[in-house]
Amino acid sequence: MFLIGKRNTLGIVLLFTFFTLILSSCSPRQNDSASENEAKDKNVNNNTMLPPISPIEGEFEQVYGWIQKDTICYSAKVEGVYKIYTYNIYTGKHIPLYESDTELSNVMINNNKLLLYSALSDEEGEMHIIDAKGSEILSRKFQSYETDFAWNPHNENELLVTTFTKDWESKVFTLDIQEDVLNDFPVSTPFPQWLTTENVMYLDWDQNNPSLYAPLKIFDLETAEEKELELPNIYFIDQKNEFLFTLSSTGNEEEAVYSFYDIDLNKHGTIQVPRLSKFANWLVPNYAIYQDKLITFVPKENGNAETYQDGFELIEIDMNTGESKKIFTDTELEDQPIQISSDGKYCLFGYYLENMLDIETGEITPLFSSSIHNN
């Protein structure tokens, strides 16, 4: 047993008090450190985007869209070779996918597949389909001056292919990607689109008598039956995420009518907005669809598309109800191509999809610090 004097006892008490103060002062710092780490994690989870990036090599060419909700696909030209990469906007990781000695005319992204098309000459083009890791699934050539593709949203192994001659005569095919089988499409009409797994829809334009509107028809690939829908004055159609939308006119030629249907053709929302006329048709503003929302540009007033200078608003339309709201941005935007991430947080926009728009804040960020390479 050790005896402790008063002086020693006082010293121990002071020493204990000192250490208590030290420990208590350290404790908040440890919590602050933990809070900082949590904040960093929270920022990552909240998808804090990185500043403008540079291509991993060469000159930036084009962004093609989202391959995942946090990953874009872009191309760069490196010593005459066109290279495609994916880029994660949060981690900053570039992954090379594909390269071609021929300029890419078209790149389409469908879930985990990419379709790449190059015009080899005025009479021939070549298509390659690769997976998200860059492995080639299919390669095929087409005798065509221009070629259009429509991926079946209900079956990723099926494509509609429209080929055009220099005289704009068209032929349509169905392509089974898995079996590499190309079949003639029974109806000779350009730009058909999928409505369901077996039903294809199209506007039946009269090639001999041009008009502003066309009847909407549906063709059943199983029964070979064609039917016309009683929807008047339609001049544009598209389908995504179990919604079909049409652009049409009422008695007022100055307004465009957006109408939304489910795949059973039950009508949901509708909205009327100003529209712009062109020489022989109507301007269809750029748009993007995610979930049950359509984001599109709307002119502030009606007028002629060639001379219009009054600007556009970017709006979000609820396809179920037709209700809309304006998306506010740092600066006023022009009507340019737009693609939205699958979670609806960011939009790519611009003629090369070279800018990023934060839907929540309206902040606009150039994706690439280098200038766009123009051929």
Side-chain angles (χ1 to χ4, degrees), residues 49-151 156-159 161-163 175-178 180 182 337 339 341-342 346 348-356 366-375:
M49 193 177 65
L50 297 176
I53 58 179
S54 296
I56 193 169
E57 56 182 341
E59 297 178 272
F60 165 64
E61 283 279 319
Q62 167 84 49
V63 177
Y64 297 107
W66 301 94
I67 197 164
Q68 293 177 355
K69 67 180 181 180
D70 57 2
T71 304
I72 63 172
C73 177
Y74 77 91
S75 64
K77 190 175 182 180
V78 185
E79 297 180 351
V81 177
Y82 297 87
K83 297 189 176 183
I84 290 184
Y85 303 87
T86 61
Y87 179 83
N88 187 296
I89 63 173
Y90 307 131
T91 66
K93 185 176 183 180
H94 300 258
I95 298 178
L97 279 188
Y98 183 83
E99 61 180 60
S100 171
D101 293 330
T102 308
E103 183 178 1
L104 297 167
S105 307
N106 192 6
V107 174
M108 294 176 60
I109 302 171
N110 182 51
N111 296 328
N112 293 317
K113 290 187 175 70
L114 284 82
L115 184 155
L116 310 110
Y117 184 77
S118 297
L120 303 180
S121 68
D122 286 348
E123 298 180 349
E124 186 179 48
E126 186 172 39
M127 176 197 72
H128 297 270
I129 295 178
I130 62 175
D131 62 23
K133 295 182 178 180
S135 299
E136 185 161 283
I137 298 171
L138 177 67
S139 176
R140 176 180 276 272
K141 291 183 178 180
F142 296 97
Q143 300 303 308
S144 177
Y145 176 69
E146 291 282 352
T147 312
D148 182 76
F149 303 93
W151 223 305
E156 63 177 13
N157 289 311
E158 198 165 19
L159 277 170
V161 183
T162 304
T163 61
L175 174 62
D176 185 320
I177 297 171
Q178 199 166 21
D180 191 11
L182 190 71
Q339 282 197 27
S341 57
S342 59
Y346 295 110
L348 299 167
F349 80 93
Y351 293 115
Y352 300 89
L353 297 178
E354 72 276 16
N355 301 298
M356 185 81 80
L367 268 177
F368 290 85
S369 55
S370 60
S371 59
I372 298 170
H373 176 75
N374 295 308
N375 295 312

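- At a threshold of 4.5 Å between non-hydrogen side-chain atoms, the residues Ile72 and Leu367 count as touching.
- At a threshold of 4.5 Å between non-hydrogen side-chain atoms, the residues Thr147 and Thr162 do not count as touching.
- Of all the heavy atoms in Ala76 and Glu57, the pair that sits closest is CB-O, 3.5 Å.
- Listed by chain and residue number, Tyr85 satisfy the side chain to side chain contact (heavy atoms under 4.5 Å, CB included) test with Pro96 (two or more places apart in sequence, or in another chain).
- Scored by the ring pair (Phe, Tyr, Trp, His ring centres under 6.0 Å) test, Phe142 finds no partners at all (sequence neighbours excluded).
- Aromatic rings from Phe368 and Tyr74 are positioned such that their centres are separated by under 6.0 Å.
- Counting only residues at least two apart or on different chains, the salt bridge (charged side-chain N to carboxylate O under 4.0 Å, His left out) pairs with a member in residues 108-124 are Lys113-Glu156, Asp122-Lys166.
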Take Thr71 and Ile89 through the test side chain to side chain contact (heavy atoms under 4.5 Å, CB included) and record every step on the way to the result.
-> CA-CA 6 Å; Thr71 304; Ile89 63 173; over 6 Å; no
Under 3.5 Å, sequence neighbours excluded: what are the donor-acceptor pairs made by side chains of residues 104-111?
residue : atom : partner : partner atom : Å
Ser105  : OG   : Ala119  : N            : 3.2

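- The line from CG of Leu116 to CD1 of Ile84 is 4.5 Å long, rounded to the nearest 0.5 Å.
- Between atom CG of residue Leu175 and atom CG of residue Leu115 there is a gap of 9.0 Å, rounded to the nearest 0.5 Å.
- Legend: residues meeting ring pair (Phe, Tyr, Trp, His ring centres under 6.0 Å) with Phe149, ordered by chain and number and at least two apart, are Tyr117.
- Contact detail for Glu61 and Tyr352: the closest heavy-atom pair is O-CD2, 3.4 Å.
- A side chain to side chain contact (heavy atoms under 4.5 Å, CB included) with Cys73 holds for exactly one of Tyr87, Trp66, Tyr64; it is Tyr64.
- Put simply, the side chain of Asn112 does not reach to within 4.5 Å of the side chain of Asp131, judged on heavy atoms.
- The shortest distance between side-chain heavy atoms of Met127 and Leu138 falls below 4.5 Å.
- By the 4.5 Å heavy-atom criterion applied to side chains, Gln143 and Thr163 are not counted as neighbours.
- The CG atom of Asp70 sits 8.5 Å away from the OG atom of Ser342 when rounded to the nearest 0.5 Å.
- Of the inter-residue distances, the one linking Ile129 atom CD1 with Ile177 atom CD1 reads 3.5 Å to the nearest 0.5 angstrom.
- Nearest heavy atoms, Leu97 versus Lys133: CD2-C, 3.6 Å.
- Met356 CE to Phe349 CZ: the interatomic distance, rounded to the nearest 0.5 Å, is 10.5 Å.
- Sorted by first then second residue, the ring-ring contact (aromatic ring centres under 6.0 Å, His included) pairs that include residues 119-141, not counting sequence neighbours, are Tyr98-His128.
- Without hydrogens or angle criteria, Ser341 side chain to Tyr346 main chain gives a donor-acceptor distance under 3.5 Å.
- Under the side-chain hydrogen bond (donor to acceptor under 3.5 Å, both in side chains) criterion, Asp180 pairs with Arg140, not counting sequence neighbours.
- To the nearest 0.5 Å, the span separating CG on Leu120 from OG1 on Thr102 amounts to 6.0 Å.
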